[in-house]
Undergrad: 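Handing you this structure, nothing more for now.
Numbering of residues begins at 1 and proceeds along the displayed sequence.
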Amino acid sequence: MSTEPSFALQAFIARLEQHLAIVSQSRGASEASVDAAFGALADAFEDYEDALYDQYSELLPFTIPSDDA
């Protein structure tokens, strides 16, 4: 079952807004809430990109940084 791109986009935007709210109120990137917001944002980004690819065979020009160095 594939997600509708417009639904995935709205979820992505909501996660962006949530991330901004948490980061703007945090004491630093090491806070667990910032890490959780980053993870939720990354998941929403991937869901949106998957929905775009499933519907239109398009990808976004971004990548999510990984801790694997």
Undergrad: Which residue pairs pass the side chain to side chain donor-acceptor pair (under 3.5 Å) test when at least one of the two sits in residues 9-19, sequence neighbours left out?
TA: R15-Q18
Undergrad: Starting at CG of L9, measure out to CD of E49 and round the result to the nearest 0.5 Å.
TA: 13.0 Å
Undergrad: Got a sec, which residues hit side-chain contact (heavy atoms from CB on, under 4.5 Å) with A8, two or more places apart in sequence or on another chain?
TA: T3, Y48, A51
Undergrad: With sequence neighbours excluded, what pairs up with E46 under the side-chain contact (heavy atoms from CB on, under 4.5 Å) test?
TA: D43, I64
Undergrad: Would you mind listing the cluster partners of L59? Hydrophobic ones only (ILVMFWY), side-chain contacts under 4.5 Å, chaining allowed.
TA: Y53
Undergrad: Which pairs, with at least one residue in residues 56-65 and sequence neighbours excluded, count as a side chain to side chain donor-acceptor pair (under 3.5 Å)?
TA: none
Undergrad: State which residues pass side-chain contact (heavy atoms from CB on, under 4.5 Å) with S6; sequence neighbours excluded, sorted by chain then number.
TA: E4
Undergrad: To the nearest 0.5 Å, how far apart are CG in D47 and CG in L52?
TA: 11.5 Å
Undergrad: What about I13 and L41, same hydrophobic cluster or not, with Ile/Leu/Val/Met/Phe/Trp/Tyr joined at side-chain heavy-atom distances under 4.5 Å?
TA: yes
Undergrad: Are side-chain heavy atoms of P65 and F38 found at a separation under 4.5 Å?
TA: yes
Undergrad: Of all residues at least two apart in sequence or in a different chain, which pass the ring pair (Phe, Tyr, Trp, His ring centres under 6.0 Å) check with F45?
TA: F12
